[in-house]
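This report concerns only the one structure given below.
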Amino acid sequence: MPCSLRQGMFFEPNILQVSHVFSVFYSGSATLPKVEGTNITGIEEVVIPRKKTWDKVAVLQALASTVSRDPTAAPYAFQDDPYLIPASSMESRLFLLAKKSGENAAKFIINLHPKYFQKDIAEPHIPCLMPEYFEPQIEDISEAALKERIKLKKVKASVDMFDQLLQAGTTVSLETSNSLLDLLCYYGDREPSTDNHFQQSGKSEELVKDTGENDKKSKKADDQFGVTWRAKNNAERIFALIPEKNSYSYCTMIRGMVKHRALVQALNLYAELLNNRLKADVYTFNALIEATALNMNEKSEDKWNNILELLKQMAAQKVKPNLQTFNTILKCLRRFQAFGRLPALQTFREMKAIGIGEYVSWCPSLEGTTDKTSLLSHSAENPSKGSSRIIYDIMNEITGQKFTPKDPDDDMFFQSAMRVCSFLRDLELAYQVHGLLNTGDNWKFIGPDHRRNFYYSKFFSLLCLMEQIDVTLKWYKDLVPSVFFPRSQTLIDLLQALDVANRLEVIPQIWKDSKEYGHTFRSDLKEEILMLMARDQHPPELQVAFADCAADIKSTYESQDARQTAPDWPANSLNCIAVLFLRAGRTQEAWKMLGLFRKHNKIPGNKLLNEFMDSAKASNSPAQAIEVVKLAGAFSLPICEGLTQRVMADFAISQEQKEALGNLTSLTSDSDSDSDSDISEGI
Amino acid sequence: MLCQRKTKNNVQRYFGTNNTICSKKDEQPASMHEISKETESQESVKENTKKDLLGIIKGMKIELSTVNVQTTKPSSTRQLKSVEATINKLQKAPGDAPKKRTKSLSPELVAAASAIADFLPFDKQTTKSELLRQLQQHEEVSKAQKNGGRAKISVSNIISDMKVAKSATIRVSTRPVHQIQFDEGSDDYMSQKTSDVKKSLRKNMLKGKRLNIFDLKAVTEETSETETTPSLWDIEFAKQLAAVNEQPLQNGFAEMIQWTKDGKLWEFPINNEAGFDDEGSEFHEHIFLDIHLKDFPKQGPIRHFMELVTCGLSKNPYLSVKQKIEHIEWFRNYFNEKQDILKENGIEFN
């Protein structure tokens, strides 16, 4: 990379100027022109162009902004081998997990055997491809070694090093002691449960060395409930050993205690801190608020008064509250159930009044919103409270804003907002929320897969319920499957919307889609589809399409038979399929369906039998008609008699057949009472 | 929904200001005396009331399809409730507007207008004619809006400008209310209730009594905090935050951005400076090194030599500016150390 190249690349037009400068140089003038071009007599002002600095991702960002979502394609993350593109939410989950665990496994192997991965082929060097060192490099006993162990988050090794240093008589500086306390308090005096990379691959146990059998057991329990704070643990011991504790030492201890649910100790330590005339920082106050709220033995009202007391202390000590302060309060108030409502509102207003977040934008109160909406949607079951209504105010405030993450619960917002919309049945609001989601990079806040699915399912169900069918179908095309895979309930909602709008011709397409998205064996969905198709008479072309669809559904029932030991053929479905076949003129298959009724011992509906009779009449086949009567007779249906009369009237039948019919009717007339209830299930 | 979304804010505000009257009405529909009193007071704030009314009517959503007017959908029923509650206290207006104006309007619209008139519990002819007159007047406007926004004609937009004539004496008829309530079925109570609550909360949700613990000044006041290295707590919190909006990548460029940030990809713009750290120095600093020769003699063999050195350095792409200057410094020191020899040979240095 010669300099001349470097200059030539970006300053082409200025080469003339440069050579001019050269000539100035060599003409023997004593002082050189500065970059700014200080005027020397007789020399023109030369402005040397500044070097342009490019952001390394600016070009890519510009390019990326030109690419919009393709509703006909799978999301980019799934674009790999076409065979592997997932077609249901289950598959997509598997896909992502498989991809991630592959990466994790590779990383794990590299870090486990760094010596085999030393070859550095990249020029310039790429650090992230090289193995990371998790083992401490400094062997001797010194404060530097302690610092290294703290940095590598080796809890036990750090404690040992600290003890050895003390035994050797070396004093550890307050700063290092405090960072050791940080480590101990954050992880509750346990080894951190390894890096996130390994958590999913399930290898974490192997990585943790020096953990006894007992530790392992408790570790599993801790994963669920968080590590509990043990009395007289290393953190407390080292805290006692520090000769000159400053407020930071106290603060980190309090935070650690609250994190690991040693609430009473935390509050006591705060009293001790005050006695030592030290000041707590805002994070500690946040922790204390949490401790107060979690304290089991008090009533909600007392807890709230204690929280207020803490806030007043903050104000007195001139500690500025931050967003987490208020979010902690709101989260705690959520636990207070009904009592928490008014305080929550007041807190929210306080937050707004002192402008937490307002001067940047409203995004920080997004979290407040989150808590608020979920708080309110908890009580949403009871509409008389109408508390979900705050969403309107919040939406008015934040519409059109772009969010940046400020709180770990930020990704809850859209889910909660859409749930409230769905509860309120307010499509306008849902559109507003959806608009907000598509503002800037806000879509990133939709959260993990299941939250996205929840959000879009609710949104789409609301569309099915309230929107015109054409618009709904447009959304359907846009969202499914490139954004989310519908659940069977979502599809049933869509079917009902189609029914309401009298657009049943779309149903075969919906069935195709639902097969695609893994709902082949959802009997509620299949029954809904069949019921809608069979309910009314349709024009012939549509009946043909419906019959194809019905044949397809029938085949899924048949393959289901192979899968399961107990075959499940709902009578409704049998009825519907047979009717659809009949109406489409596929008489052969329809008659076969009658055999299925017998095989699975299901009762055919009256309407179906009548239709069969019509069909038999149309083909002028008395044998078929008698077959129908026989079937009805076999199930002892009361309609049998009517059918017999119809056969007698409509068909030219032989004497033999007449006698057979006579027998049938006499058989059924005795026992038709017990089949009454069954018939009502038919069409 | 056909309702124009841009009027939404207004609608909500009007709901807010009008709510007390509405809810009172709902509670005591039979108390004629009180209502007429209230109307008297309304006369004094006639302008405001009219505005409120307009707002409410604006909020009314009516689904227009080519065949019929549907009001069965929940949102429209909910909105209709409030309209009906307000209109309830209005008097039948006398007079009948001529129908000839309707000729430029499409028959569908006329049908829709009469359908709306059917819903409103006062003189149907009046309402209809009012509607149609407004349709006429705002035909241009709605055309423009139709072109600009949604393809279908928005009835709510049209009736948003509808005025309902009000006579001096007020008579309240409760019959239509019950009729409509009956029609709307069982969910009516709930929707009415929630819309009432919505209105009452509209006022005080974000404004009202606060904790009054913190002072705005004290909080916004800038205090120069001493910069400390982030603690483990800060780092872990930052990690949590970063995980919040982590999403699968949307396109290939986004992936390249990710790789660039990881350091796996050659950085844009692609040039020969990748991995070369020269602390943002500019090209002239690399090339014009004579500036560093000030302390050297103006002429003579040392000058000549140093000019050759700077010439060579200026062509060397592998050294940073700092290294180049260090190189020149080295020669300065070298010649300084060799002063004796230089003097012996009669060469000036300084």
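Within every chain, numbering begins at 1; the chains are lettered A, B, ... in the order of the sequence lines, protein sequences first and strands thereafter. It should be emphasised that the depicted structure is a prediction, and the values quoted were computed from it without experimental measurement.
When each of L181(A), I150(A), L183(A) is checked for a side-chain contact (heavy atoms from CB on, under 4.5 Å) with L232(B), only L183(A) meets the rule.
Heavy-atom distances place both the backbone and the side chain of L308(A) under 4.5 Å from chain B. Contact annotation for R255(A): both backbone and side-chain heavy atoms come within less than 4.5 Å of a heavy atom of chain B. Heavy atoms closer than 4.5 Å to chain B are found in both the backbone and the side chain of T347(A). Interface remark: L63(A) contributes backbone and side-chain atoms alike to the contact with chain B (heavy atom separation under 4.5 Å). Heavy atoms of V471(A) lying under 4.5 Å from chain B are absent altogether. Looking at D70(A), neither its backbone nor its side chain comes within 4.5 Å of chain B, counting heavy atoms on both sides.
Within the 3.5 Å criterion, the main-chain N or O of G447(A) finds a donor-acceptor partner in the side chain of Q247(B).
With respect to E236(B) and K259(A), no salt bridge is recorded, no charged nitrogen being found less than 4.0 Å from a carboxylate O.
Of the residues considered (T66(A), L311(A), N442(A)), L311(A) shows the highest number of contacts with chain B, using heavy-atom pairs under 4.5 Å. Residue with the most contacts toward chain B among A77(A), S179(A), A315(A), P75(A): A315(A) (heavy-atom pairs, distance under 4.5 Å). Residue with the most contacts toward chain A among A254(B), G252(B), G263(B): G252(B) (heavy-atom pairs, distance under 4.5 Å).
Residues S65(A) and F253(B) form no side-chain contact, since every pair of their non-hydrogen atoms from C-beta on lies 4.5 Å or further apart. Between N245(B) and D411(A) there is no side-chain heavy-atom pair separated by less than 4.5 Å. The closest side-chain heavy-atom distance from P248(B) to F78(A) is not below 4.5 Å. A heavy-atom distance below 4.5 Å is not found between the side chains of Q250(B) and V67(A).
The two residues I257(B) and A64(A) come nearest to each other via the heavy atoms CD1-CB, 4.4 Å. Nearest approach of P408(A) to V244(B), heavy atoms of both residues: O-CG2, 3.5 Å. The shortest heavy-atom contact between K264(B) and L129(A) is CE-CD2, 4.1 Å.
Side-chain rings of W233(B) and Y283(A) stay apart, their centers remaining 6.0 Å or farther from each other.
To the nearest 0.5 Å, atom OG of residue S231(B) and atom OH of residue Y186(A) are 10.0 Å apart. If you take CG on L60(A) and CD on Q258(B), they are separated by 11.5 Å, rounding to the nearest 0.5 Å. We find the SG-NZ distance between C128(A) and K261(B) to be 14.0 Å, quoted to the nearest 0.5 Å. Distance check: Q61(A) CD to T260(B) OG1 gives 9.5 Å after rounding to the nearest 0.5 Å.
Dense packing is recorded around NE2 of H125(A), with more than 12 heavy atoms of other residues, nucleotides or ligands lying under 6.0 Å away. Heavy atoms of other residues, nucleotides or ligands lying less than 6.0 angstrom from CD of E175(A) number 12 at most.
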